[in-house]
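Here's the structure we're looking at; comments come further down.
One-based numbering, in listed order, for ligands and for the atoms of each.
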Amino acid sequence: MQIKKAVIPAAGFGTRMLPATKAIPKELLTVVDKPGIQYVIEEAVAAGVTEVLVITGRGKGDIDDHFDRMPELEQVLAAKGRTRELEAVLKPARLAAMHYIRQQQALGLGHAVYCAKAFVGREPFFVLLPDDLIDGGPPCVAELFAAAQEGESVIAVQEVPWQDTRKYGVVSIDEATGLVRGIVEKPEPHEAPSNLAVVGRYLLQPVVFSCLEQITTGAGGELQLTDALALMIKQGHKIRPCKFSGVRYDTGSPLGFLEANVGMALAREDMRESVRGMLLQLLRRG
Ligand code: UTP
């Protein structure tokens, strides 16, 4: 069996990236030379996904435009023989069957995922947060799929510095089974069950929707996906942690965004040498 559907929550306000995100959706900010959301959809497609639902909100309409055709521009590029640029314009429109739904109020990630209930139906599906870019290695969601045993959900995890646990969902692992035993959202370091943080890639079973119906407002006054996952575990559903191979960048804050741009440019063969030269020159300048 393969997973055909992916959900991309993109309805958040992106407050940490203001003022950049005042009029431009955070998900469309350019990392090296394309919008962050395109990387995660390419990752999902590389893992076999054919249907993508983006959870949008007010002011996010440009996301839809990015994955649409643009005949006038295509004609101009074709007439000028600019094949490379034409391919770049066509690619986002050809990636997958794109669907959009509005989360009418940004009530939290759990609420955003719940908006996908009708789209998902009764099969397992992926959730990819477009803030988290995972570079190098096989597609992260393909690794989650490979790790899953029948009926299990899988979440991507990564060790983070202890002082950063308050930024993440944090898991504890049952040593006997290797499964997630508990999960809490944004614990203070002294309360965190471990320093193993949840990264924005999930393979979820549809039972998550009935758990999302039962949770109440959690950390930050939001409906948290983490709380629904905790409820799934309590009800006896299995969630497996998966340490992935790629390098993860969190583009949701200015410094993380900068790191993603530099790191991902350095990882590209066509750019490495010039970026290194540029960085050395900047460092010399002090
Ligand atoms: P974040 O908390 O990282 O994104 O949510 P944010 O709320 O946009 O950013 P800040 O904290 O204000 O800077 C993780 C993901 O969940 C989506 C966001 O778009 C992001 O991709 N999200 C969050 C929703 O779709 N709806 C929500 O109500 C909340």
Side-chain angles (χ1 to χ4, degrees), residues 6-31 35-44 52-64 66-67 98-117 119-120 125-134 140-141 155-158 160 164-170 183-187 197-202 204 208-209 212 215-229 248-260:
V7 175
I8 318 283
F13 288 124
T15 54
R16 285 166 295 158
M17 292 297 278
L18 283 168
T21 46
K22 188 178 170 197
I24 300 170
K26 172 172 71 171
E27 300 74 19
L28 286 182
L29 296 179
T30 311
V31 179
I37 191 168
Q38 188 175 334
Y39 288 92
V40 295
I41 294 178
E42 286 176 4
E43 177 192 321
V52 173
L53 175 71
V54 183
I55 314 293
T56 67
R58 276 180 298 285
K60 301 275 184 168
D62 290 351
I63 296 178
D64 190 340
H66 181 73
F67 294 97
M98 299 295 297
H99 307 265
Y100 302 89
I101 191 167
R102 278 196 179 202
Q103 183 190 17
Q104 294 187 328
Q105 279 180 285
L107 298 177
L109 177 59
H111 182 257
V113 171
Y114 190 72
C115 295
K117 187 180 177 200
F119 167 80
V120 165
F125 63 105
F126 294 126
V127 174
L128 298 91
L129 304 191
D131 280 5
D132 278 336
L133 301 187
I134 299 175
C140 181
V141 286
I155 53 182
V157 297
Q158 179 183 52
V160 297
D164 287 347
T165 58
R166 58 170 71 95
K167 298 183 192 163
Y168 296 92
V170 174
I183 177 166
V184 279
E185 186 62 27
K186 300 190 172 59
V198 178
V199 168
R201 298 291 185 275
Y202 309 79
L204 297 176
V208 71
F209 294 112
L212 284 166
I215 59 165
T216 51
T217 307
E222 298 192 338
L223 289 165
Q224 296 288 356
L225 178 59
T226 300
D227 294 341
L229 299 178
R248 174 212 170 224
Y249 296 103
D250 174 5
T251 65
S253 68
L255 205 57
F257 183 74
L258 190 62
E259 186 187 9

I'd like to check which ligand 1 atoms, numbered from 1 as shown, lie under 4.0 Å from a non-hydrogen atom of [X].
X      : result
Asp131 : 3 (O)
Gly108 : 26 (N), 27 (C), 28 (O), 29 (C)
Gln103 : 24 (C), 25 (O), 26 (N), 27 (C), 28 (O)
Ala106 : 28 (O)
Glu27  : 19 (O)
Ala112 : 24 (C), 25 (O), 26 (N)
Leu107 : 28 (O)
Pro130 : 21 (O)

Nearest 0.5 Å, what's the [atom1]-[atom2] distance between [X] and [Y]?
X      : Y      : atom1 : atom2 : answer
Asp132 : Asp250 : CG    : CG    : 5.5 Å
Asp227 : Thr216 : CG    : OG1   : 7.5 Å
Thr21  : Glu27  : OG1   : CD    : 9.0 Å

Does the side chain of [Y] come within less than 4.5 Å of [X]'s, by heavy atoms?
X      : Y      : value
Tyr202 : Val113 : no
Leu225 : Glu185 : no
Ile37  : Phe67  : yes
Glu222 : His111 : no
Phe119 : Val7   : yes

[atom]: nearest protein contact (heavy atom, Å):
atom                    : value
atom 8 (O) of ligand 1  : Gly14 N, 2.9 Å
atom 25 (O) of ligand 1 : Ala11 N, 2.9 Å
atom 1 (P) of ligand 1  : Arg16 NH2, 3.9 Å
atom 12 (O) of ligand 1 : Thr15 OG1, 2.5 Å
atom 16 (O) of ligand 1 : Leu109 CD1, 3.6 Å
atom 14 (C) of ligand 1 : Leu129 CD1, 4.1 Å
atom 9 (O) of ligand 1  : Lys26 NZ, 3.2 Å

Query raised in the report: Would you call the rings of Phe209 and Phe125 parallel, tilted or perpendicular, where under 30° means parallel and over 60° means perpendicular?
Result: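 Phe209 vs Phe125 ring planes: parallel.
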
Requested in this report: Verify the contact flag for atom 5 (O) of ligand 1, where contact means a protein heavy atom under 4.0 Å away.
Outcome: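 Under 4.0 Å from atom 5 (O) of ligand 1, zero protein heavy atoms found.
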
If you measure every N or O of [X] against every N or O of ligand 1, does any of those distances drop under 3.5 Å?
X      : value
Gly12  : yes
Phe13  : yes
Gln105 : no
Pro9   : yes

Query raised in the report: Out of Val198, Val160, Val157, which one pairs with Tyr168 under the side-chain contact (heavy atoms from CB on, under 4.5 Å) rule?
Result: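 Among Val198, Val160, Val157, the one meeting side-chain contact (heavy atoms from CB on, under 4.5 Å) with Tyr168 is Val160.
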
Query raised in the report: Ion pair present between Asp131 and Lys26, side-chain N to carboxylate O less than 4.0 angstrom?
Result: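 Salt bridge flag = yes for Lys26 with Asp131.
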
Query raised in the report: What is the minimum heavy-atom distance between Cys140 and Ala156, and which atoms define it?
Result: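 Closest heavy-atom pair between Cys140 and Ala156: SG-CB, 4.2 Å.
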
Query raised in the report: For Val141, does its backbone N or O pair with a side-chain atom of Glu43 as donor and acceptor, under 3.5 Å?
Result: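 Yes, the answer is positive, given that a donor and an acceptor are paired below the 3.5 Å cut-off.
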
Report task. Measure the distances from the heavy atoms of Ile55 to every atom of ligand 1 and state whether one is below 4.0 angstrom. Result ->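 It does not, in that no heavy atom of Ile55 comes within the 4.0 Å cut-off of ligand 1.
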
